[in-house]
Amino acid sequence: MAAVLLQSEPTETFADRRFRFHPRAALLAGLILLGALIVFALLAPLFGSPYRVFADGLNAQGLPLGLGAPGHLLGTDEIGRDMLARLASAGRIDLEMTFIADITSMGLGIVVGLVAGFYRGLVEQVLMRITDVFLSVPTIVSGLALASVVGEGLTGIVVVVTALYWAWTARVIYGEVLRLRSRVFVEAAVAAGVPRMTILRRHIVPHLSSLMLVLSALNAASVVSIGAGLSYLGAGVQLPRPEWGNMLEEGENALGYAPHLVVEPLVMIILTVLAFMLISEGLTNRGPTAREKTWLDK
Amino acid sequence: MASAAAEGTGRPLQIEGLSVRYGEFPAVTAATVSLGAGRVLGLVGESGSGKSSLALAVSRLLPPAGRVVAGTALLGSVDLLTLEGEALRRARGELVAYIPQDASAALNPVQRVGRQVAEVFRVRHGLGKEQALAQAVSLLAKVGIRNPGVTARRYPHELSGGMRQRAMIAIALALRPALLVADEPTTALDVTVQAEILGLVKDLQADYGTTLMWITHDMGVVAEIADDIAVMYGGRLVEHGAAVDVFKEAVHPYTSALLSSFTSGRLAAPKQPFVAIEGSPPVDTIPPGCPFHPRCPRAFEPCATAVPDTRTVATGHRVSCHLTEPA
Amino acid sequence: MTDIPAPFDWDEFVAAATENQIDATAASRRAERLAFAGRVGLRIVLAAVTILAVLILTFILEFVVPGNPARAVAGPKASPVVIAEVTRNLHLDRPVWQQLLSYIGNALHGNLGYSYVSDQSVASLVGGRLPATALLMAGGIAVELIVGGALGIWDGLRPRRSWVLASLNIGLLSVPTFTFGFALLLLFGYVWPVLPVTGGFGAEQLILPAITLGLLGAPYYANVVRDQLRETLSAPFVRTALAKGLSRGAILRRHVFRIVVPPVLTMAGMDVALFLSGVVFVENVFAWPGIGELQVQAFDNVDRPVLMGTVVVAAAAVVVVNLLVDLLRLVVDPRVRSESL
């Protein structure tokens, strides 16, 4: 009763309308941003080879060219390679890594979560204990350890990210399946003798699809930052092949005199993460709690 | 005990033209109620009739979305509705106290019950921890809790529904309020416990001489406890008078319908059919004219368009119905 | 002939019944305490199982997956004689399950093996770096809780959600830890050089990394605090507090914060895993001499015992902190205490 009464009145002030966060706008902005990044990465060959060293790539003091240098819109790196070409070519690797690792880690997590959530007893217990173990190992710490064993490059980083990230998805999906399993329509289906796989396919998975979309966008955001992060620490994609993370590592020492070597890959990483965050925010259905009034409000 | 009632703490209550809105929705419209000091009012109505909003407004506990847009509620000489700040804080518990429907939600789940009762004495009388707790324990004993010392050390979830409601009653009565508003305090309880709680509040009310407003949808409860009756429908007061008068000669068709559904439900002989009121109470919009006209068996032309005036049909017996219009 | 029955003593009956009732409550209390002990025991067992599982995983990574660990130790140019000796020294000639048992046994005695590079024991290497990392994490958590708590309370006491917090949240969530570290380093180390950039262990060197760690988690905490606060503030027991004549401050202090704080602390405890991840980046960006820096060095040197040792220590830290937080909640929140297993 009180909860019903506490629903606030539907009137809004001008200021509220003006500054409210529109989910659709967020989704659209995220999709446009992601699209732009993909196009940029796909057009990489147009910007030339990322390995070509330009004779005029360094200034008189032998330092990298800054932003807006003639012929090098985003400047050059410490040995005179074009930053635009390197960033675009790096983007290909990063986006490829993100999409592959997002799909593999989500896939593993969804399967484990569904199975654990739908089979009571031993299977559930064992799977969830394993999930807990993976959740309690700090991602980067174990990521480095794992990377030193599975090896470098794109495959290595996909394996590492999948191994470390599936458990988060599994935990969320598991919780959601438990919630759905206790709902009346599922119990009714069980009582009617519908086979388990059919219930899973007809009743559980459709209800989870929107959650899965949100999760995969969030997961992609994590994958971008972890993938680039591990490369920055020296695992994953190796130099001279450019990747946003290892470009950071390369430019780190020039922070004092050529900050654009660090800032540019940073901006690319942030934009990519932001795109996925906006998409997930736009897909999330915010409950009405955000608009509820409390006893201490005037 | 009778002498205590004579010098009781109760004060007369006079509500005039009280209107409450939730946004644009008129929950209570121009309600006028009067109640003598130390008397018991049964405020009756279906869910959504506005009775809880009226009770919360008088108790100054309306949720923030609700606003009092007109009216006064004089308790003795004090208008409860205009109190603000420090005066309002002082009035709470001393002038008006409130017993909610759901005691389990109304108690803080992570504090021991004794501490929650004692808090009133700590904050309002500035007592120390020990003293306040001792007062709380004796108060718990007074509301009929056996082993009050043990109960005081319990958390709310460790108590039964009846015990929790007793604790809420203790909190409400701690400062001997002039007016006690009980908002369906027995609805969530088992039938046997309901009777106990009803008896307890009635006894304590007589003991303290407190003026009592008991909100309910149950005519049986009203018959047991009330001196006066006020019937609400669609946010309006439709009939108001002494309990004996209303029970004997209900004028408003809605009151009659309530009474007959009550007698057919509770007091009926076996196999006698159950009488229900046709249709359902308004939820989103209040119909124009008399709010009851869509369900009224005796509705005629003016009912759908004009809101009936309130007329005095006998001493202290007021009704809002076009049927009472002089021909 | 017939015995005259003694008159029924009502007083005695009532007294006895009352006593029985007290006994009954005492018995239920005992049962409750037993259940409580059971819950605590179960959590401890689960924590131990988790650590054991981590040990098995690191063992597999260190000794099973690489094929020939002896070659990894001895180096690519070692002669077969040296490799044989290393194999014997590390007991690599024994069956795998015996190796696993002795690995676990050693780990439980605090022996995590020896660095391939420096021959120092992993335990002493990690132990030496532990205080720096613990300090950094404490600083980060403090920044996170203070900034997040303040923002959350500010937003929660407003009737409407602030767009500031919503945008800040998305903004900061989009910034990976190392990225933010670089931005701060660039800003306060080079553009406006007020803080040292050379790294090392000290109060001045702590500021930027602690802020980096803390600020990134702060908006998330602000949201948690805000939602908890709003939910608690609309609960009917706040109305009861209002009806008692308590002031706004007293209601918040006496009733609301006690409900809001435990779940927030629990989350902070569970975030230790996230923090330990962030620490690796932050320590490397700011050259803070903690476990993260040690780990990256070990990675560059392919020093597997050190790599695995840090994993074990980090996982153990997470498990222990989670256990402590769990137990703390059991003590603080009476509702959790009486939940059934």
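Each chain gets a letter, A, B and so on, in the order the sequences are listed, and its residues count up from 1.
Between the CH2 atom of A/W244 and the OG1 atom of C/T179 there is a distance of 11.5 Å, given to the nearest 0.5 Å. To the nearest 0.5 Å, the span separating OG1 on C/T310 from CG on A/L144 amounts to 8.0 Å. With rounding to the nearest 0.5 angstrom, the OG atom of A/S148 is 11.0 Å from the CG atom of C/D300. Between C/Q295 atom CD and A/S142 atom OG the span is 8.0 Å, to the nearest 0.5 Å.
Using a 4.5 Å cut-off between heavy atoms, A/V267 does not touch chain C at all. Contact of A/L230 with chain C is made through the backbone alone, with heavy-atom distances under 4.5 Å. Interface remark: A/L271 contributes no atoms to any contact with chain C (heavy atom separation under 4.5 Å). Of the two parts of A/F134, only the side chain, counted from C-beta on, holds a non-hydrogen atom closer than 4.5 Å to a non-hydrogen atom of chain C. Looking at C/L57, only its side chain comes within 4.5 Å of chain A, counting heavy atoms on both sides.
Across A/A275, A/A221, A/G143, A/A235, the residue that shares the most heavy-atom pairs under 4.5 angstrom with chain C is A/A235. Note on C/T50, C/L229, C/T232, C/V49: by heavy-atom pairs under 4.5 Å with chain A, the leading option is C/T50.
Checked by atom type and distance alone, the side chain of C/R304 never pairs as donor or acceptor with a backbone atom of A/A145 at under 3.5 Å. Distance alone, capped at 3.5 Å, places no donor-acceptor pair between the A/T139 side chain and the C/S277 backbone.
A centroid separation of 6.0 Å or more is found between the aromatic rings of A/Y257 and C/Y190.
Summarising the local packing, OH of C/Y220 is surrounded by 12 or fewer heavy atoms from other residues, nucleotides or ligands at distances under 6.0 Å.
The stretch residues 317-324 of chain C places C/V318, C/V319 near chain A, each with some heavy atom under 4.5 Å from a heavy atom of that chain.
With contacts defined as side-chain heavy-atom distances shorter than 4.5 Å, the pair C/V54/A/V133 qualifies. A/E252 has its side chain out of reach of C/L185: every pair of non-hydrogen atoms, C-beta onward, lies at least 4.5 Å apart.
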Name the atoms and distances for all side-chain donor-acceptor pairs under 3.5 Å in residues 278-285 of chain C, with sequence neighbours left out.
| unit_1 | atom_1 | unit_2 | atom_2 | d |
| --- | --- | --- | --- | --- |
| C/E283 | OE1 | C/I291 | N | 3.3 |
| C/E283 | OE1 | C/G292 | N | 2.5 |
| C/E283 | OE1 | C/E293 | N | 3.1 |
| C/E283 | OE2 | C/T133 | OG1 | 2.8 |
| C/N284 | ND2 | C/V280 | O | 2.6 |

When you look at A/V149 and C/E62, which way does the side-chain contact (heavy atoms from CB on, under 4.5 Å) test go after all the steps? CA-CA 8 Å; A/V149 177; C/E62 192 176 342; over 6 Å; no
Do A/L248 and C/F182 pass the side-chain contact (heavy atoms from CB on, under 4.5 Å) test, and can you show the C-alpha distance, the side-chain angles, and the key distance before you say yes or no? CA-CA 9 Å; A/L248 278 178; C/F182 271 123; 4.2 Å; yes
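Listed here is the closest heavy atom pair of A/V141 and C/L276: CG2-O, 3.9 Å.
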